[in-house]
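Because the structure is predicted, anything quoted here is derived from the model rather than measured.
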Amino acid sequence: MNGRTIVYLLGLVAVALFSWGLARTTGAPVAGRADSRDGADILARVEGREITRAEIEEAAGAQFMQLRKQMYDLTEQSLQRTIDGALLDAAAEKQGLDRDAFLALLVDSNPPAPSEAQIDSVYEQFKSQINQPRENVAPQIEAFLVNQARQTRYDSLLKALRAEYEVTNYLEPPRLEVAATGPATGPDDAPVTIVEFSDFECPFCLRIHPTLQRVMSEYEGDVRLVFRQFPLTNIHPRAQKAAEASLCAHEQGRFWDMHDALFADPSNLGVPALKERAGTLGLDVAAFDQCLDSSEKAAVVAADLQAGRRLGVSGTPALYINGRQLQGAQPYDVIARVIDDELRRAGT
C-alpha cells in the first residue's frame, strides 16, 4: 500500500469518525430510536405533534455549532498529525528507510550549534523571568535553540512533502447558513464570501479593519466581503447611529467611504460628527441628514442584529467565511488559512 492510498483511506476514516462524532454530540438518530419522514429526523411526538431535529437545532443553533466546531477542530488536528505521519512513511519508504531513520537523517543529524550571540539574545529577552545568571542557564538555552532548529527543519520537511505528494482532505468543516445581504465589495461570483458582523465603536473591530483590507487586496477577485451591522449598544452607545450613518451613505453609493471614515476616528461618533463626515466625503448632506435624523435605517440595523443573534453572535467582530465561523479579531494568517482551504475546496 503506497503513501497516497494511505492518505486517501485516512480521509475516509476521518469523515466516518467525524460523522459518528456529530451523531453522538448532537443526538443524531440511531437505528430503532428515531423516525424519519421526507428527510426530516423526528426526535419525539407529543399528542401527534412531531418534534424534528431541524426544530431543535434551530432553537439551539449556536450551541450545536460550538459542539460541531469543537469536534471538527479535534478531528482536524488528529487528522493532520496522521497525514504528516503517512507523508513521512511514504518518503522514508522511497529512501528504503523507516520513519525514525528518515527523521534522524534529515531532521536530527548535525543540528547547528547556537552562537553565543543567539544565547545572549534569548537570555536578554527572558532575563526578568529567568532571574538567574547567564552561565547557570546557558546550557538550557542552547538545548532550547537546538530543539527550535530541529522543529524548523521538521516543518520545512513536511511542507516539502505536502508539495511533492498528493494529499486530499475530505474532512468537511462545520458551516452555518449566513445570508450575505448588505453592503458588499468584491465580485458577486467570488468563490469565497466573508460576512462580517461589526460595530463601529468596537476596538476589536477597529483592530481587524486593516486585516480585512489586506485580505481584500491580496485575494482580489477571489473574495467578496459583506458588512452586517451588530452595534453593541449596551457598551457602545454611539454605535447605533454610526451604523445608521453608514447605511445612509450606502443609499448614495458611498458605504465603504463612510465605513473607512468611521473607523479612522471611532472616538468621534456623535451625530454632529457623523454629519460632518458626510460633508467631508462630498455626500448630499441634506439627504444624509434627513436619513440620519429620521432613523429610517434603524430597522435594517435591527434586522442584522436579529440575524446575528440567531447565528449565536454575542460579540464583535464575528466573521463567517463561506459559513465557517471565526470569532474575534483574528490575525491575518488565521483568516488566510481558512480562505486558502476554501479556494482549494473550490478548485481555485
**Student:** Please identify each residue that fulfils side chain to side chain contact (heavy atoms under 4.5 Å, CB included) with R224, with sequence neighbours left out.
**Tutor:** A180, A184, D188, A190, T193, V226
**Student:** Kindly state each residue pair satisfying ring pair (Phe, Tyr, Trp, His ring centres under 6.0 Å) with at least one member in residues 293-315, sequence neighbours excluded.
**Tutor:** none
**Student:** Apply salt bridge (charged side-chain N to carboxylate O under 4.0 Å, His left out) to the pair K94 and E164, showing each step before the final yes or no.
**Tutor:** CA-CA 12 Å; K94 187 184 288 189; E164 179 182 353; 2.9 Å; yes
**Student:** For residues 200-215, which residue pairs qualify under salt bridge (charged side-chain N to carboxylate O under 4.0 Å, His left out), counting only residues two or more places apart or in two chains?
**Tutor:** E201-R238, R214-E218
**Student:** Who pairs with D120 by side chain to side chain donor-acceptor pair (under 3.5 Å), at least two apart in sequence or on another chain?
**Tutor:** R134
**Student:** Which residue pairs pass the ring pair (Phe, Tyr, Trp, His ring centres under 6.0 Å) test when at least one of the two sits in residues 117-136, sequence neighbours left out?
**Tutor:** none
**Student:** Decide yes or no on side-chain contact (heavy atoms from CB on, under 4.5 Å) for Q325 and L319, but give the supporting numbers first.
**Tutor:** CA-CA 6 Å; Q325 185 184 56; L319 303 182; over 6 Å; no
**Student:** Passes side-chain contact (heavy atoms from CB on, under 4.5 Å), L88 versus L158? Steps please.
**Tutor:** CA-CA 8 Å; L88 292 170; L158 284 173; 4.1 Å; yes
**Student:** Pairs in or reaching into residues 256-266: which pass side chain to side chain donor-acceptor pair (under 3.5 Å), with residues at least two apart or in two chains?
**Tutor:** R254-D257, D265-S267
**Student:** Would you compute the distance between atom NZ of K159 and atom OH of Y154 and round it to the nearest 0.5 angstrom?
**Tutor:** 15.5 Å
**Student:** What residues form a side chain to side chain donor-acceptor pair (under 3.5 Å) with D100, not counting sequence neighbours?
**Tutor:** none
**Student:** Decide yes or no on side-chain contact (heavy atoms from CB on, under 4.5 Å) for F102 and L157, but give the supporting numbers first.
**Tutor:** CA-CA 11 Å; F102 182 69; L157 173 61; 3.9 Å; yes
**Student:** Could you tell me whether the side chain of V192 reaches within less than 4.5 Å of the side chain of D222, counting heavy atoms only?
**Tutor:** no
**Student:** Sequence neighbours left out, cut at 3.5 Å: what donor-acceptor pairs do the side chains of residues 141-149 make with other protein atoms?
**Tutor:**
| unit_1 | atom_1 | unit_2 | atom_2 | d |
| --- | --- | --- | --- | --- |
| N147 | OD1 | R150 | NH1 | 3.1 |
| N147 | ND2 | A143 | O | 3.3 |

**Student:** Scan side-chain atoms only and decide if Q66 and Q70 contain a donor-acceptor pair under the 3.5 Å cut-off.
**Tutor:** no
**Student:** Look only at the side chain of S217 and the backbone of Q213, and say whether a donor-acceptor pair between them is shorter than 3.5 Å.
**Tutor:** no
**Student:** Step through the shown structure and confirm whether more than 12 heavy atoms of other residues, nucleotides or ligands are within 6.0 Å of CD on E276.
**Tutor:** no
**Student:** For the pair K297 and S246, evaluate side-chain hydrogen bond (donor to acceptor under 3.5 Å, both in side chains) and give the outcome as yes or no after the intermediate values.
**Tutor:** CA-CA 9 Å; K297 298 301 180 184; S246 71; over 6 Å; no
**Student:** Kindly give the heavy-atom pair with the smallest separation between N322 and R175, and that separation in Å.
**Tutor:** O-NH1, 2.9 Å
**Student:** Tell me if the CD atom of E177 is crowded by more than 12 foreign heavy atoms within 6.0 Å.
**Tutor:** no
**Student:** Rounded at 0.5 Å granularity, tell me how far CD1 in I194 sits from CD in E342.
**Tutor:** 10.0 Å
**Student:** Taking disulfide (SG to SG under 2.5 Å) as the test, write out the residues that go with C248, two or more places apart.
**Tutor:** C291
**Student:** I'd like to know if the side chain of S115 and the backbone of Q118 have a donor-acceptor N/O pair within less than 3.5 Å.
**Tutor:** yes
**Student:** Would you call L247 and P183 a side-chain contact if the rule is heavy atoms closer than 4.5 Å?
**Tutor:** yes
**Student:** Under a single-linkage definition using a 4.5 Å side-chain heavy-atom cutoff for Ile, Leu, Val, Met, Phe, Trp and Tyr, are L103 and I83 assigned to the same hydrophobic cluster?
**Tutor:** yes
**Student:** For N268, what residues pass the side chain to side chain donor-acceptor pair (under 3.5 Å) criterion, not counting sequence neighbours?
**Tutor:** none
**Student:** Among the clusters formed by ILVMFWY side chains lying less than 4.5 Å apart, do Y320 and L225 turn up in the same one?
**Tutor:** no
**Student:** If two hydrophobic side chains count as joined below 4.5 Å and joins carry through other members, does V301 share a cluster with F197?
**Tutor:** yes
**Student:** Under 3.5 Å, is there a donor on one side chain and an acceptor on the other for E196 and T316?
**Tutor:** no
**Student:** When rounded to the nearest 0.5 angstrom, what distance separates CD1 in I235 from CG in D199?
**Tutor:** 7.0 Å
**Student:** At their closest point, which heavy atom of P174 faces which heavy atom of R324, and how far apart are they?
**Tutor:** O-CG, 3.8 Å
**Student:** Thinking salt bridges, do R162 and D84 make one under a 4.0 Å N-O criterion?
**Tutor:** yes
**Student:** Can a donor-acceptor pair be found, under 3.5 Å and without considering hydrogens, that links the side chain of S78 to the backbone of L74?
**Tutor:** no
**Student:** Assess whether a salt bridge exists between K275 and D293, defined as any Lys/Arg side-chain N lying under 4.0 Å from an Asp/Glu carboxylate O.
**Tutor:** yes
**Student:** Counting only heavy atoms not in E220, do more than 12 fall under 6.0 Å of its CD?
**Tutor:** no
**Student:** Using 4.0 Å as the upper bound for N to carboxylate O, is an ion pair formed by R345 and D341?
**Tutor:** yes
**Student:** Taking all non-hydrogen atoms of both residues, which atom of L274 and which atom of A245 are closest, and how far apart?
**Tutor:** CD1-CB, 4.0 Å
**Student:** Can you confirm whether L305 sits close enough to Q229 that some side-chain heavy atom of one is under 4.5 Å from a side-chain heavy atom of the other?
**Tutor:** no
**Student:** Between R53 and L43, which heavy-atom pair has the shortest distance, and what is it?
**Tutor:** NH2-CD2, 3.5 Å
**Student:** Would you mind checking if R49 and E55 are paired as a salt bridge, meaning a charged N to carboxylate O distance below 4.0 Å?
**Tutor:** yes
**Student:** State yes or no: do I339 and V178 share one hydrophobic cluster built from I, L, V, M, F, W and Y residues joined by side-chain heavy-atom distances below 4.5 Å, directly or via other members?
**Tutor:** no
**Student:** Does the plane of the ring in Y219 sit parallel, tilted or perpendicular to the ring in Y332? Use 30° and 60° as the thresholds.
**Tutor:** tilted
**Student:** Return the OG1 to CG distance between T82 and L87, rounded to the nearest 0.5 Å.
**Tutor:** 11.0 Å
**Student:** Do P231 and F200 have side-chain heavy atoms sitting under 4.5 Å apart?
**Tutor:** no
**Student:** Tell me, please, which residues at least two apart from Q252 pass side chain to side chain contact (heavy atoms under 4.5 Å, CB included).
**Tutor:** L283, D284, A287, F288
**Student:** Starting from the C-alpha separation in whole Å, work towards a yes-or-no answer on side-chain contact (heavy atoms from CB on, under 4.5 Å) for R309 and V313.
**Tutor:** CA-CA 5 Å; R309 291 188 183 113; V313 176; over 6 Å; no
**Student:** Kindly give the heavy-atom pair with the smallest separation between Q330 and L326, and that separation in Å.
**Tutor:** CG-CB, 4.2 Å
**Student:** Under a 4.0 Å N-O cut-off, is there an ion pair linking K69 with D73?
**Tutor:** yes
**Student:** Which heavy-atom pair separates L206 from P266 by the least distance, and what is that distance?
**Tutor:** CD2-CG, 3.8 Å
**Student:** Going from SG on C202 to CZ on F230, what distance comes out if it is rounded to the nearest 0.5 angstrom?
**Tutor:** 11.0 Å
**Student:** In the single-linkage hydrophobic clustering (I, L, V, M, F, W, Y; side-chain heavy atoms under 4.5 Å), do I208 and V338 co-cluster?
**Tutor:** yes
**Student:** Measuring from I51:CD1 to D41:CG, what's the distance to the nearest 0.5 Å?
**Tutor:** 13.5 Å
**Student:** For Q240, give me all partners under side chain to side chain donor-acceptor pair (under 3.5 Å), at least two apart in sequence or on another chain.
**Tutor:** E244
